[in-house]
4 protein chains.
Amino acid sequence: MSEARGPDPTRRSERSRKAILSAAMELMTESGYAKTSIEAIAARAGVGKQTIYRWWPSKAAVIFDALLDLTEGQQGFGLLETGDLKEDLKHALRATAEELADPKFDVSFRALAIEIQYDPKLAGHWREKMLGPALEATKERLRSAQRSGEIDDELDLDVAVEMLYGPLYHRWLLQTAPVTTQHADAVVDLAMRAMSR
Amino acid sequence: MSEARGPDPTRRSERSRKAILSAAMELMTESGYAKTSIEAIAARAGVGKQTIYRWWPSKAAVIFDALLDLTEGQQGFGLLETGDLKEDLKHALRATAEELADPKFDVSFRALAIEIQYDPKLAGHWREKMLGPALEATKERLRSAQRSGEIDDELDLDVAVEMLYGPLYHRWLLQTAPVTTQHADAVVDLAMRAMSR
Amino acid sequence: MSEARGPDPTRRSERSRKAILSAAMELMTESGYAKTSIEAIAARAGVGKQTIYRWWPSKAAVIFDALLDLTEGQQGFGLLETGDLKEDLKHALRATAEELADPKFDVSFRALAIEIQYDPKLAGHWREKMLGPALEATKERLRSAQRSGEIDDELDLDVAVEMLYGPLYHRWLLQTAPVTTQHADAVVDLAMRAMSR
Amino acid sequence: MSEARGPDPTRRSERSRKAILSAAMELMTESGYAKTSIEAIAARAGVGKQTIYRWWPSKAAVIFDALLDLTEGQQGFGLLETGDLKEDLKHALRATAEELADPKFDVSFRALAIEIQYDPKLAGHWREKMLGPALEATKERLRSAQRSGEIDDELDLDVAVEMLYGPLYHRWLLQTAPVTTQHADAVVDLAMRAMSR
DNA sequence: CCGTAACCGAGACGGTACGTCCCGTCTTCAA
DNA sequence: TTGAAGACGGGACGTACCGTCTCGGTTACGG
């Protein structure tokens, strides 16, 4: 999010960047998105407001970077390829379920899910950096399963991926029931029946 | 949302109620949730701010009622029961897809999906009045299909319902692709393979 | 200064008005004009900033009203008419000298003397309400002295008045020497020599 | 104003000094004192902010130097000594009147007249370099007139000088009427009546 | 049929946060 | 080492809304 043209990125203070990102995350979990003001982030981070406005175009962009920072260092997005498709998918979906159940993630993720409605640039970053990798990796694993004959090779993989992750997001978004690893397992078991042959 | 204790509902001005709700909807589609202020709604509706605060506890509650008002008069939530399960499900999911693709719905629905995070009372109404009926109706249709032997009667119907609606919401929420009736059909076709026998 | 068109003056809070004016005066004497921010006035007065901006167009306008409030209730501007012109003038100039020497007055008066440069509306009020009355009263006293033959009736009274007050303001503005009642007396004594016959 | 201890004056860039001073003057006449920020002066002069802060302690000090620069090269402050006191005084006062009527001078002079209230060091320079010379020269001319018997040798020359310049400054400061050479003449004519014998 | 108690429109109030401008300091790099 | 450039922590600007409050006016009901 931080590629603004004006200021000189080589002179950027890494110290401030980190302080801002972690102050943002703290405030999000403590008080939620609406009450997390730029002013409060700046104060908590011990930084001038301008230093935030210089490098990020909006509160949402700060949260986005903070969330990326949090995710970073996590697994390399590639799915396991143990030979057992069902287990590999369960592994992936359990990770997603845990993320969605983690309050740190939950609050920020949900907030960004709205903001992308109004901010096309943010929406792009969101798709490319936030969701794309995991979804693409899953699709790739399914492609490999098609090659090995485990699943139907006529299958529309986009819909298949949605059938895997969709139920989790449905539960999470609409708060109809808690998102758990058991639920993830149940989803994979059922989805496999649709994909087989 | 309008059951607050203090004021006397019998003396409530229906004229103001309607003006507020439609002003709210207008502003939401014109400018989005964040910029739709109570002040602006009051001004647009030709109403004092207090008249809003008297009857609704928050902006989200106003939007919620406005959205309900919009949905109202739509189909009676019960699913068709033509004997052809696949067609009945397609009918239902196409309706949902069209709603999600409708900007009027989109903006408000998405906004409320965040707010329920912070407002448990709203979350309750949301589940009961907004989502519950359609989801429950679908579950009921699946139960009837179990009874008639069309689908597996060991099936976990909660997960089955999520497998139907989840892919639509996934696409819509994450903006990975447009939500269309064709997509709804594809989802039903695939999900049927998981539910059969 | 407070005749702005927008807000309804009948609903104005007298309590706030007074609090603002005296907070402004306090801060002026404590910290000077530059450091007297609207924000600080509002905070000290226990008032929202908007309440200041609603009724005054600028910081200078607030100070102006505060200064007027201070002056108000003072002598009725009319000069004494004891029959002894020299004594009457000394009475008037001593009062002016005391004002100029009073820090409360000094700070605000000097600040306004700049601001009128940029704000024609303020300049008008300044001439009409702040300076005009005293100057006009002095001129009137001189006119009466002309009628009674005490002073030359060819005299240009505008210049005569300036010759009385000018030396005091010169000293005060340029800080060349302290402004005292003794100085006022000396000025009157000398000026009388120019006006006589 | 430019004698700060730290930096080495022999290495100072004359180019920058001039650019800063004239940028300051330009901005003062274009936008007034309040809107003439150090940042704007630096930008207009094509100079880093530090170069200003290195050599001047405050915005007022820059303006002061800029104003001195402007005055410099003007008449050598000494009053004419033609033998005709009245004409010599008129010559001097007309010059002052023209200065006060010149917008370039007006804006800066007025601004400094406030600042000296808060900055004793500046006040000193102001008295010594800005006002002192002209006032002292006038006093000297009056002394010479006392010696030649043209005017009363009991006269308090400080008050006499104030009686000459005071009316001009009074008009200028309080904006009661325009300051013109005609006015200067009228003042001298009247003041001469007080000083004679 | 006449108070009187409510809702209503309007909007002033004490506040919080916005996004911007500028302060004065500090750091980097070129000449 | 000076100077151009500009990032930094910070303070104030003037504006937009927040949610509460008070003000007339206008129904509409109970004595």
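So that the names make sense, note that chain A is the first sequence line, chain B the second, and so on, each numbered from 1. Because only heavy atoms are used, hydrogens play no part in the values below, and waters and symmetry mates are left out as well, while side chains stay in. Here the structure is a predicted model, which means the values were calculated and not measured.
We find that CZ of A:Arg17 is positioned 19 Å from C1' of F:dG9, with the value rounded to whole Å. For the pair A:Trp56 CH2 and F:dA7 P, the computed distance is 14 Å after rounding to whole Å. Between B:Lys35 atom NZ and F:dC18 atom P there is a gap of 14 Å when expressed in whole angstrom units. Atom CD1 of A:Ile52 is separated from atom C1' of E:dT20 by 14 Å (rounded to the nearest Å). Distance CD1 (A:Ile41) to P (F:dG9): 14 Å, rounded to an integer number of Å. Atom pair C:Glu14:CD and F:dC23:P shows a separation of 15 Å (rounding to whole Å applied). What separates CZ of B:Arg12 from P of F:dC29 is a distance of 18 Å, to the nearest Å. Atom CG of B:Asp8 is separated from atom C1' of E:dT4 by 15 Å (rounded to the nearest Å).
Side-chain contact between A:Ile116 and A:Phe64 is absent, with no heavy atoms from C-beta onward closer than 4.5 Å. Side-chain contact between A:Asp106 and A:Arg110: present, with at least one pair of heavy atoms (C-beta onward) separated by less than 4.5 Å.
Across all strands, C:Thr10 comes closer than 4.0 Å to no nucleic acid atom at all (heavy-atom distances).
B:Lys129 has no carboxylate O lying under 4.0 Å from a charged side-chain N of B:Asp65, or vice versa, which leaves the two without a salt bridge. The pair D:Arg44-D:Glu30 meets the salt-bridge criterion, since a charged nitrogen lies less than 4.0 angstrom from a carboxylate oxygen. Taking a cutoff of 4.0 Å between a charged side-chain nitrogen and a carboxylate oxygen, C:Asp8 and C:Arg54 do not qualify as a salt bridge.
At the phosphate of F:dA7, neither OP1 nor OP2 sits under 4.0 Å from any side-chain N or O atom of A:Ser16. One finds a side-chain N or O of D:Trp55 lying less than 4.0 angstrom from the OP1 or OP2 phosphate oxygen of F:dG3. Between C:Thr51 and the phosphate of E:dA12, there is no side-chain N or O to OP1/OP2 separation shorter than 4.0 Å.
In C:Lys104, the NZ atom is not crowded: 12 or fewer heavy atoms of neighbouring residues, nucleotides or ligands sit closer than 6.0 Å.
From one end of the helix from E:dC1-F:dG31 to E:dA31-F:dT1 to the other, with five pairs defining each end axis, the axis direction shifts by 10° (rounded to 10°).
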*Which parts of nucleotides 23-31 of chain E does protein reach within less than 4.0 Å, heavy atoms only, written one letter per nucleotide 5' to 3' as B for base, S for sugar-phosphate only and - for none?*
BBBBB----
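Annotation: cation-pi pair C:Arg12/C:Trp56 present, NZ/CZ under 6.0 Å from the ring centroid and within 45° of its normal.
Once rounded to the nearest 0.5 Å, the distance linking CZ of C:Phe109 with CE of C:Met28 reads 12.0 Å.
Remark on DNA chain F: of its neighbouring residues D:Gly48 and A:Ala45, the 5'-side contact belongs to D:Gly48, judged by nearest-heavy-atom nucleotide. Along DNA chain F, the nucleotide nearest A:Gly46 and the nucleotide nearest D:Arg15 are compared for position; the residue whose nucleotide lies closer to the 5' end is D:Arg15.
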Report all side-chain donor-acceptor pairs from residues 32-40 of chain D shorter than 3.5 Å, counting only partners two or more places apart or in another chain.
from: D:Tyr33; atom 1: OH; to: D:Glu115; atom 2: OE2; distance (Å): 3.2
from: D:Thr36; atom 1: OG1; to: D:Leu27; atom 2: O; distance (Å): 3.3
from: D:Thr36; atom 1: OG1; to: D:Gly32; atom 2: O; distance (Å): 2.6
from: D:Ser37; atom 1: OG; to: D:Ala40; atom 2: N; distance (Å): 3.0
from: D:Glu39; atom 1: OE1; to: D:Lys49; atom 2: NZ; distance (Å): 2.8

